[in-house]
Amino acid sequence: MKIPKFAHFLIFFSLLLTCDFAWCADGLPSVESFFKNPVTTLAVISPLGNYVAYVSTSDDGVQTLAVRETADLNKGNAVTTSDTGDRILTLYWVNENRLVFEIKRYSTEFLGGIDTVAVNRDGSNLALLISANYGHTQQSTGSNITSRILTADYGFFRTTHNGGDDIIVEKINYANAVREVDGTRLFRLNTKTQRLTELLDTTQPHNVLGWVIDPDDIPRIAFSRKQGVCTVSYLVPDSNTWSELATGDCLDGHVFSPFFFESADSLFAIKSYNGFDSLYRYDLRKKELAKEPLLNLPGMDFIGGLITDYVAKKVIGINYDGDAKATYWIDQKYKGIQQKIDKALNTTNNFISCGTDCLNAPAVLIKSVSDRQPTEYFIYNIAQDKLTAIGAQNPKIKPTQMGMRDFAHFTARDGLNIPVYITLPPGKAIGPMAAIVLVHGGPWVRGSSWEWESEAQFLASRGYVVIQPEFRGSRGFGQAFFKAGWKQWGLTMQDDLADAALWAEKKGWADPKRIGIMGASYGGYATLMGLIKNPEIFRCGVEWSGVTDLTLRYNTPQDDASLEVLSYDLKTMVGDPVADAEMFKQNSPLQNTGKLTQPLLIAHGGMDRRVPIVHASDLYRAIESHNKNVEWIVYNDEAHGWYHENNRIDFWNHVEVFLDKNLKSIN
């Protein structure tokens with residue numbers, strides 16, 4: 001089925017605006033209201049729909065895992081609380097009585113280590129299943145069951161769906177002492193006894209890095225990778241035989257990719273259709289792909305997930321990303337529920353989740369969000385036709401103080417069509433305004449969506465037009481668009497950012513004398529190159545966690561990139577440090593520091609292994625003598641990005657002052 005894009009027709013500068021630009025009656029929203037840890041998050045409904053679990057965060061940073069009854073949200077209890085500074089990252093129901101969650105611990109020894117913990121919904125039987133510590137810890141042995149805490153070589157993979165106490169965990173196997181990943185293997189782990197058993201009683205293909213499991217919790221699809229070649233293997237039912245379904249270059253984009261099992265023989269898969277990833281049905285008995293895709297989006301790849309009734313073993317809906325996130329319902333009952341919810345919550349996009357027995361669920365969870373409203377959670381009682389609020393991620397954010405976001409396209413200088421998101425300041429426009437080109441990291445990811453974003457809305461609340469190009473090389477817009485960015489760091493990828501600024505200027509939104517550029521990781525690199533290549537466009541820049549030298553990506557010992565990534569992915573998509581040495585030199589900010597003369601804010605984490613701090617420290621030393629408008633911030637307890645709430649708030653306070661001085665206030 002062909003799905004049209006979810007379109008938003010906004011009349012910029014005039015529609016639904018309730019106050020003059022920036023200075024609304026309630027005052028400017030605080031930095032903290034955007035960047036504090038979410039108040040209510042990770043809401044998830046139980047398998048049979050009788051309970052909802054969620055995490056709430058107090059002002060002092062302590063998180064509480066709570067459970068409420070969906071029939072009466074006044075009934076419930078606190079399950080457990082975290083230590084200050086720790087953060088619960090994921091939350092799942094194991095069965096109707098038991099939960100499992102991953103919690104990121106902060107300590108000087110294991111920065112950002114992740115523990116996996118299980119607990120009953122009444123708070124009893126709390127068990128540490130996987131420790132962030134790499135040292136093995138034996139807990140107890142008796143009656144042929146070994147109970148133990150698994151090491152960090154293991155990680156949570158997914159829950160089972162049979163009502164038992166088991167989860168599935170993945171063990172990473174390493175090829176050598178420097179911890180190069182050689183493949184993974186799946187195990188079943190009982191969350192009460194902590195007994196670990198093999199999920200497969202047979203051999204498996206070599207170098208497996210990904211799995212698809214069928215409804216009976218049997219690994220049936222294995223994704224292997226070796227020296228840039230990806231192979232898809234299929235475990236024939238009731239046998240120990242693995243059959244190869246597809247193989248090819250991992251970056252080619254045409255390799256058939258199994259996605260999800262509906263039943264033992266019915267598989268959903270992703271395959272290119274007219275140059276764009278689309279969702280297909282696949283018959284495993286015939287080993288045959290459907291002739292036409294089940295879902296494809298004009299001009300976009302399919303990115304999404306399936307909503308499944310695991311009791312009926314039936315897919316009932318499809319979540320997908322257009323220019324905004326949306327749901328296509330196959331099941332008519334849920335199509336009707338969606339219509340009721342949308343009528344009641346008519347200013348937001350609303351997403352339904354329903355546990356494992358969806359068709360018999362007494363209640364469903366609603367996640368509600370818009371461009372101007374952060375996520376809020378509700379329970380909808382189906383029998384009572386009653387909608388009840390649970391909580392909001394950012395309750396201090398008022399939609400009337402947020403800017404409207406829209407999705408558009410512009411034509412780059414070489415004719416390529418570039419998607420872009422625009423966020424305008426709230427209130428009435430008073431001529432062209434100061435603007436920021438906000439560059440996403442990756443860069444081989446989809447950068448944005450229509451829904452509320454803290455960074456874009458913070459900048460818009462301070463009076464900036466925010467321009468977020470999905471520059472060439474970004475994922476999600478077809479294989480040709482992705483490949484157009486290969487070996488184009490600092491070249492046509494960079495031109496797209498300049499062209500985005502010029503496009504916003506021609507539209508009358510951006511003041512040509514007051515355009516800045518900012519971003520993290522690849523976005524930090526692009527910020528620096530924007531200042532170097534286009535000083536006539538970009539008046540100042542903010543970069544954090546950014547790459548400053550292309551060669552350093554290949555030869556820095558602290559870098560966490562694997563040999564596989566260095567040898568194949570980066571050489572294909574960035575370039576070869578030997579063969580492309582001259583190109584690397586021309587397009588590395590560290591090799592062109594004499595051209596960095598505009599105001600610049602640099603920030604980096606002292607424990608960053610994705611882009612080690614040598615990138616930032618070498619750059620700062622090279623420019624501080626000739627650029628008196630460079631500012632330098634190091635957060636010694638951070639890695640690649642700002643995990644700690646106090647650092648996030650501190651950073652964005654610096655950004656606000658820096659941009660006000662060097663962009664908004666200039667003549």
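Residue indices begin at 1 and follow the sequence shown.
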Peer 1: Hey, what do you get for OG1 (Thr41) to CD1 (Ile88), rounding to the nearest 0.5 Å?
Peer 2: 10.0 Å

Peer 1: Sub-3.5 Å donor-acceptor pair from the side chain of Asp301 to the main-chain atoms of Gly478, do we have one?
Peer 2: yes

Peer 1: For the backbone of Leu189 and the side chain of Thr197, can you confirm whether one donor and one acceptor N or O come within less than 3.5 Å of each other?
Peer 2: no

Peer 1: When you compare the side chain of Phe482 with that of Arg472, does any pair of heavy atoms fall below 4.5 Å?
Peer 2: no

Peer 1: Taking C-beta and beyond as the side chain, do Leu200 and Leu186 meet within less than 4.5 Å on heavy atoms?
Peer 2: no

Peer 1: Looking at every non-hydrogen atom in both residues, tell me the closest pair between Asn587 and Met529 and how far apart they are.
Peer 2: O-SD, 3.7 Å

Peer 1: Does Leu196 reach the side chain of Val169, with side-chain heavy atoms less than 4.5 Å apart?
Peer 2: yes

Peer 1: Donor-acceptor check, side chain of Ser474 to backbone of Phe471, threshold 3.5 angstrom: yes or no?
Peer 2: yes

Peer 1: Mind running salt bridge (charged side-chain N to carboxylate O under 4.0 Å, His left out) on Arg446 and Asp321 for me, showing each step along the way?
Peer 2: CA-CA 10 Å; Arg446 177 161 170 175; Asp321 293 358; 5.1 Å; no

Peer 1: How close do Ser521 and Val611 get, heavy atom to heavy atom, and via which atoms?
Peer 2: OG-CG2, 4.4 Å

Peer 1: Return the set of residues passing side chain to side chain contact (heavy atoms under 4.5 Å, CB included) with Ala312 (not counting sequence neighbours), or none when no residue passes.
Peer 2: Asp309, Lys314, Leu359

Peer 1: As a test of understanding, state which of Thr193, Asn95, Asn190 forms a side chain to side chain donor-acceptor pair (under 3.5 Å) with Asp165.
Peer 2: Asn95

Peer 1: Out of curiosity, Thr90 OG1 to Phe101 CZ, how far, rounded to the nearest 0.5 Å?
Peer 2: 9.5 Å

Peer 1: Which atom pair, heavy atoms only, marks the closest approach of Ser224 to Pro205?
Peer 2: OG-CB, 3.9 Å

Peer 1: Side chain to side chain contact (heavy atoms under 4.5 Å, CB included) between Phe407 and Trp450: does it pass, once the steps are laid out?
Peer 2: CA-CA 7 Å; Phe407 179 74; Trp450 172 78; over 6 Å; no

Peer 1: Would you find a donor on one side and an acceptor on the other, under 3.5 Å apart, between the side chain of Tyr554 and the backbone of Leu570?
Peer 2: yes

Peer 1: Are Thr151 and Ile130 close enough that some pair of their side-chain heavy atoms sits under 4.5 Å apart?
Peer 2: no

Peer 1: Are the side chains of Ile307 and Asn319 in contact, using a 4.5 Å heavy-atom criterion?
Peer 2: yes

Peer 1: Measuring from Asp576:CG to Lys571:NZ, what's the distance to the nearest 0.5 Å?
Peer 2: 4.5 Å

Peer 1: Under 3.5 Å, is there a donor-acceptor pair between the side chain of Tyr525 and the main chain of Gly490?
Peer 2: yes

Peer 1: Within the distance-only criterion (no hydrogens, no angle test), does the side chain of Thr548 pair as donor or acceptor with the backbone N or O of His615 below 3.5 angstrom?
Peer 2: yes

Peer 1: Is a donor on one side and an acceptor on the other found under 3.5 Å between the side chain of Gln494 and the backbone of Ala526?
Peer 2: yes

Peer 1: Evaluate the side-chain proximity of Ser266 to Arg281: yes if any heavy-atom separation is below 4.5 Å, no if none is.
Peer 2: yes

Peer 1: For the side chain to side chain contact (heavy atoms under 4.5 Å, CB included) test, which of Val94, Asp217, Asp216 pairs with His161?
Peer 2: Asp217

Peer 1: Does the side chain of Glu564 come under 3.5 Å of the side chain of Ser562 through a donor N or O and an acceptor N or O?
Peer 2: no

Peer 1: With rounding to the nearest 0.5 Å, note down the distance linking OG in Ser588 to CE in Met583.
Peer 2: 9.0 Å

Peer 1: Side chains of Thr203 and Asn240, heavy atoms from C-beta outward: is any pair under 4.5 Å?
Peer 2: no

Peer 1: Any idea which heavy atoms bring Pro237 and Arg220 closest together, and the distance?
Peer 2: CG-NH2, 3.4 Å

Peer 1: State, without any angle test, whether Trp211 and Thr184 hold a side-chain donor-acceptor pair at a distance under 3.5 Å.
Peer 2: yes

Peer 1: Before we go on, tell me: are the rings of Tyr522 and Trp489 under 6.0 Å apart, centre to centre?
Peer 2: yes

Peer 1: With rounding to the nearest 0.5 angstrom, report the CG to CD1 distance, Leu129 to Ile149.
Peer 2: 9.0 Å

Peer 1: Can you tell me how far SG of Cys358 sits from CG of Leu48, rounded to the nearest 0.5 angstrom?
Peer 2: 11.0 Å

Peer 1: Quick one, Lys325 and Glu451 - any side-chain contact, counting heavy atoms below 4.5 Å?
Peer 2: yes

Peer 1: Between Glu198 and Phe187, does the side chain to side chain contact (heavy atoms under 4.5 Å, CB included) criterion hold? Intermediate values first, please.
Peer 2: CA-CA 5 Å; Glu198 293 264 12; Phe187 295 82; 3.6 Å; yes

Peer 1: For a side chain to side chain contact (heavy atoms under 4.5 Å, CB included) check, start with the C-alpha distance between Asp495 and Gln488, then their side-chain angles and the critical distance, and finish with the verdict.
Peer 2: CA-CA 10 Å; Asp495 293 340; Gln488 293 299 309; over 6 Å; no

Peer 1: Quiz question: by atom type and distance under 3.5 Å, do the side chains of Thr191 and Arg98 form a donor-acceptor pair?
Peer 2: yes

Peer 1: With side chain to side chain contact (heavy atoms under 4.5 Å, CB included) as the test, would you mind laying out the steps for Val232 and Thr247 before giving the verdict?
Peer 2: CA-CA 6 Å; Val232 182; Thr247 189; over 6 Å; no

Peer 1: Between Tyr421 and Asp323 (side chain of the first, backbone of the second, donor and acceptor by atom type, cut-off under 3.5 Å), is there such a pair?
Peer 2: yes

Peer 1: Measure from the side-chain N and O atoms of Asp214 to the backbone N and O of Ile218, and report whether any donor-acceptor pair falls under 3.5 Å.
Peer 2: yes

Peer 1: Could you tell me whether Phe302 and Phe268 have their ring centroids closer than 6.0 angstrom?
Peer 2: no

Peer 1: Within 45° of the six-membered ring axis of Tyr643 and under 6.0 Å from that ring's centre, is NZ or CZ of Lys104 located there?
Peer 2: yes

Peer 1: Which atom pair, heavy atoms only, marks the closest approach of Asp115 to Ala132?
Peer 2: OD1-N, 2.6 Å

Peer 1: Check the side chains of Ser448 and His440 for a donor-acceptor pair under 3.5 angstrom, ignoring hydrogens and angles.
Peer 2: no

Peer 1: Looking at Ala53 and Leu99, what are the two nearest heavy atoms and their distance?
Peer 2: CB-CD2, 3.7 Å

Peer 1: Under a 3.5 Å distance rule, please check whether Glu470 uses its side chain to pair with a backbone N or O of Gly447 as donor and acceptor.
Peer 2: yes

